[in-house]
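One structure below.
Here is the naming used below: chain letters follow the sequence lines, and residue numbers restart at 1 for every chain. Keep in mind the model is a prediction, meaning the values are calculated, not measured.
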2 protein chains.
Amino acid sequence: MATPLKKSACVPTPPLDETPDLRPIEGPEADEELAALAKAVGHPARVQILRLLVRRESCICGDIVDELPLAQSTVSQHLKVLKEAGLIRGEIDGPRVCYCIEPRTLRRLKALIGSL
Amino acid sequence: MATPLKKSACVPTPPLDETPDLRPIEGPEADEELAALAKAVGHPARVQILRLLVRRESCICGDIVDELPLAQSTVSQHLKVLKEAGLIRGEIDGPRVCYCIEPRTLRRLKALIGSL
DNA sequence: GACTGCCATCGTAAGACCACGATTCATGGC
DNA sequence: GCCATGAATCGTGGTCTTACGATGGCAGTC
């Protein structure tokens with residue numbers, strides 16, 4: 001069940017990309033959703049991580065640790081928060097893990113913010 | 001120095017509205033700013049408050065307390081968070097206080113989110 | 001002046017967040 | 001099999017939220 005890919009680019013960005021979101025842009029559930037996403041973005045380190053991942057459209061891994069002035073465990077926690085919010089995705093690439101933006105969720109966040 | 005307005009609509013929305021933002025959309029300061037704004041939005045009650053204030057383009061006051069299932073003091077705290085983030089403004093209108101959206105900051109938030 | 005209503009603030013208790021070092025787990029190379 | 005490496009998780013403090021009731025201040029009203 002191994003990925004037959006070279007370890008160079010580690011899965012740039014997943015298949016689905018343009019399917020529209022069917023969920024409502026407002027209402028109680030949308031409020032909860034927006035709050036959860038905003039909370040995940042509500043820390044400078046996580047904003048930096050998101051920026052890093054957006055900039056390099058392909059994904060990186062523990063280079064994030066080198067870019068941030070934080071301990072490895074702390075960065076890992078921030079990554080977990082972002083992953084649980086659905087804003088990023090982590091894929092195992094051999095010994096390391098590569099993270100990339102989940103464009104669908106990011107678009108969702110923009111739509112929700114835009115509805116304000 | 002009293003406002004010569006009837007107490008019906010309590011200052012719809014302030015003068016300046018269309019002046020463009022000169023601050024950069026990314027960089028360390030922008031990251032901090034986005035994180036602070038997102039953190040302020042990162043609670044369902046505050047999202048609801050923002051929605052309320054956007055919906056009624058004029059501002060309301062303690063009606064917010066009636067709309068939310070929270071104690072008056074809790075709502076007041078949430079209002080304080082939003083005010084300190086610069087997302088809303090509170091003006092004294094006789095015995096009550098009227099809150100309204102600060103459109104400039106809201107636009108700033110949208111721009112920052114949009115830069116992701 | 002006394003009273004009422006509206007709102008902010010204080011004080012407090014429970015829980016969440018943030019950061020770190022230490023540990024554990026998985027993978028690939030030897 | 002054994003070791004190195006990259007990453008997640010654990011455990012621990014310190015700080016920040018969140019919620020509430022209680023208290024305090026201020027603008028109008030009587």
OP1 or OP2 of C:dC17 less than 4.0 angstrom from a side-chain nitrogen or oxygen of A:H78, does that happen here? no

Please report the distance, rounded to the nearest Å, between CD in B:Q72 and P in D:dT18. 17 Å

Choosing from D:dC16, D:dA22, D:dA7, which nucleotide comes nearest the side chain of A:Y99? D:dA7

Let me spell it out: for each of B:H43 and A:K80, pick the nucleotide of DNA chain D with the closest heavy atom. Which residue's pick is nearer the 5' end? A:K80

Distance, rounded to the nearest Å, where B:L68 contributes CG and D:dC20 contributes P: 11 Å

Could you walk me through whether A:Q48 and A:L68 pass the side-chain contact (heavy atoms from CB on, under 4.5 Å) test, one step at a time? CA-CA 8 Å; A:Q48 275 188 269; A:L68 302 189; 3.6 Å; yes

Atom CD of A:E84 and atom C1' of C:dC17 are separated, to the nearest Å, by 13 Å

Considering just the side-chain nitrogens and oxygens of A:R46, establish if one lies under 4.0 Å of OP1 or OP2 belonging to C:dC18. yes

Atom CD1 of A:I49 and atom P of C:dA19 are separated, to the nearest Å, by 10 Å

Counting just side-chain N and O atoms, does B:S73 come under 4.0 Å of either OP1 or OP2 of D:dC20? no

Passes salt bridge (charged side-chain N to carboxylate O under 4.0 Å, His left out), B:R55 versus B:E67? Steps please. CA-CA 13 Å; B:R55 189 162 302 140; B:E67 296 272 4; over 6 Å; no

Using atom CG of B:L70 as one end and atom P of D:dT17 as the other, report the distance to the nearest whole Å. 17 Å

With a 4.0 Å limit, can you tell me whether A:T74 has a side-chain N or O closer than that to the phosphate oxygens OP1/OP2 of C:dC20? yes

Qualifying residue, where the test is side-chain contact (heavy atoms from CB on, under 4.5 Å) with B:L82 and the options are B:I49, B:T105, B:V41: B:I49

Measure distances between side-chain N and O atoms of B:Q77 and base N and O atoms of C:dA8, and say whether any donor-acceptor pair falls under 3.5 Å. no

Could you state the CD-P distance from B:E91 to C:dC7, rounded to the nearest angstrom? 14 Å

To the nearest angstrom, the CD1-C1' distance between A:I92 and D:dT5 comes to 15 Å

Kindly work out whether a path of hydrophobic side-chain contacts (I/L/V/M/F/W/Y, heavy atoms less than 4.5 Å apart) joins B:V81 to B:L87. no

So which one's nearest nucleotide on DNA chain C is more toward 5', A:K39 or A:A71? A:K39

